[in-house]
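No hydrogens, no waters, no symmetry mates; every other heavy atom, side chains included, goes into these values.
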Amino acid sequence: MKIVYIFLLFMSISFADQIKIIKIYDGDTITALTSQKEKIKIRLYGIDAPELKQPFGKASKRHLIDLISNNSLNINEKGKDKYGRTLAVLYNGDQDINAQMVIDGYAWAYDKFSKDYVAFQQNAQALKKGLWIDKDVVRPSDFRKLKKSSR
């Protein structure tokens, strides 16, 4: 039974074709072109990067650029979000880019939707990496709510 389960788990993890990055909006949202020339907007699954107007927002975007520029990337699609964006994990070879953003302290683990990166966030916090050097950090989701309520 374990062998069947492992096989099914392996089969459910499928990587799309390589993608070409067209635009990077911030530390967790990009637009890419598939090998079939389809343009897709991708929200990085399981992470939430600071908004551009937040502290570390621009640094988070720059860090994502550094991690993915000049590389052929693959994606593991996880579905769609409420805005119709493709939710996906980005890979540069075997490197999980979503995880690396959290490991390096440039994104939160978006634990409301996934527990995949929580341990990485805890480690980055303990080591005061990236945005965790700031003792008054505000989750991007809370920042968005504050911004929306002040309108």
Side-chain angles (χ1 to χ4, degrees), residues 4-125 129-132 137-149 151:
V4 172
Y5 176 72
I6 291 169
F7 176 74
L8 289 174
L9 180 64
F10 178 74
M11 293 304 292
S12 70
I13 300 172
S14 60
F15 292 98
D17 300 273
Q18 289 186 340
I19 59 169
K20 179 182 178 186
I21 305 301
I22 298 171
K23 183 172 183 169
I24 299 172
Y25 296 91
D26 56 24
D28 60 28
T29 309
I30 64 171
T31 296
L33 194 62
T34 67
S35 62
Q36 292 82 28
K37 306 295 184 216
E38 177 189 4
K39 195 189 305 190
I40 57 173
K41 194 165 187 178
I42 299 172
R43 174 66 160 77
L44 302 188
Y45 174 80
I47 72 170
D48 199 12
E51 298 296 319
L52 291 176
K53 294 190 185 238
Q54 271 187 272
F56 289 91
K58 290 179 181 150
S60 176
K61 178 180 177 178
R62 279 193 307 273
H63 193 66
L64 181 60
I65 290 168
D66 291 344
L67 289 172
I68 66 177
S69 63
N70 300 321
N71 294 311
S72 296
L73 302 172
N74 290 345
I75 60 171
N76 180 3
E77 293 187 33
K78 298 286 194 172
K80 300 275 185 188
D81 69 5
K82 66 182 181 180
Y83 303 107
R85 299 175 295 191
T86 299
L87 294 168
V89 178
L90 287 180
Y91 290 92
N92 177 12
D94 292 335
Q95 181 186 29
D96 178 336
I97 299 299
N98 303 28
Q100 198 63 53
M101 290 291 290
V102 177
I103 289 166
D104 295 338
Y106 289 98
W108 273 257
Y110 210 167
D111 57 358
K112 179 179 177 183
F113 298 104
S114 166
K115 303 294 183 209
D116 293 356
Y117 305 118
V118 171
F120 297 134
Q121 177 178 315
Q122 291 167 343
N123 189 53
Q125 286 174 297
K129 293 176 98 178
L131 62 90
W132 301 111
V137 294
V138 176
R139 282 183 167 270
S141 55
D142 293 339
F143 180 83
R144 290 187 293 268
K145 285 177 194 169
L146 288 170
K147 188 176 170 190
K148 193 175 188 179
S149 68
R151 288 185 205 170

Using side-chain hydrogen bond (donor to acceptor under 3.5 Å, both in side chains) as the criterion, list what pairs up with Thr31, not counting sequence neighbours.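 With sequence neighbours excluded, Thr31 shows a side-chain hydrogen bond (donor to acceptor under 3.5 Å, both in side chains) to Tyr25, given in chain and number order.
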Nearest heavy-atom pair of [X] and [Y]: which atoms, and what distance?
X     : Y      : answer
Thr29 : Arg43  : OG1-CD, 3.5 Å
Pro50 : Ala107 : CD-CA, 4.5 Å
Ala32 : Ile19  : CB-CD1, 3.8 Å

Can you check whether [Y]'s main-chain N or O pairs, donor with acceptor, with [X]'s side chain at less than 3.5 Å?
X      : Y      : result
Ser60  : Tyr106 : yes
Asn98  : Ala88  : yes
Ser69  : Ile65  : yes
Gln54  : Val138 : yes
Asn92  : Gln95  : no
Gln121 : Val118 : no
Asp81  : Tyr83  : yes

[atom1] of [X] to [atom2] of [Y]: how many Å apart, nearest 0.5 Å?
X      : Y      : atom1 : atom2 : value
Ser35  : Gln18  : OG    : CD    : 8.5 Å
Lys39  : Lys20  : NZ    : NZ    : 12.0 Å
Leu64  : Ile24  : CG    : CD1   : 5.0 Å
Phe56  : Glu51  : CZ    : CD    : 15.5 Å
Leu131 : Gln125 : CG    : CD    : 8.5 Å
Asp66  : Lys61  : CG    : NZ    : 12.5 Å

Using the side chain to side chain contact (heavy atoms under 4.5 Å, CB included) rule, take Met101 and Leu67 through it: C-alpha gap first, then chi angles, then the decisive distance, then the call. CA-CA 9 Å; Met101 290 291 290; Leu67 289 172; 3.7 Å; yes
For the residue pair Trp132 and Trp108, does the interplanar ring angle fall in the parallel (under 30°), tilted (30 to 60°) or perpendicular (over 60°) class?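 If you compare the ring of Trp132 with that of Trp108, the planes turn out perpendicular.
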Close side-chain approach of [X] and [Y], heavy atoms under 4.5 Å:
X      : Y      : result
Asn76  : Tyr45  : no
Glu77  : Leu87  : no
Ile22  : Ile30  : no
Ile42  : Leu44  : yes
Asn123 : Ile103 : no

Taking only Lys NZ, Arg NE, NH1 and NH2, and the carboxylate oxygens of Asp or Glu, determine whether [X] and [Y] approach each other closer than 4.0 Å.
X      : Y      : result
Asp28  : Arg85  : no
Asp111 : Arg139 : yes
Asp48  : Arg144 : yes

Using the rule given for side chain to side chain contact (heavy atoms under 4.5 Å, CB included), can you reason through Ile68 versus Ile97, listing the C-alpha separation, both sets of side-chain angles and the distance that settles it, and then say yes or no? CA-CA 8 Å; Ile68 66 177; Ile97 299 299; 3.8 Å; yes
Distance-only donor-acceptor check, side chains Lys80 and Thr86, under 3.5 Å: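 Present: a donor and an acceptor within the cut-off.
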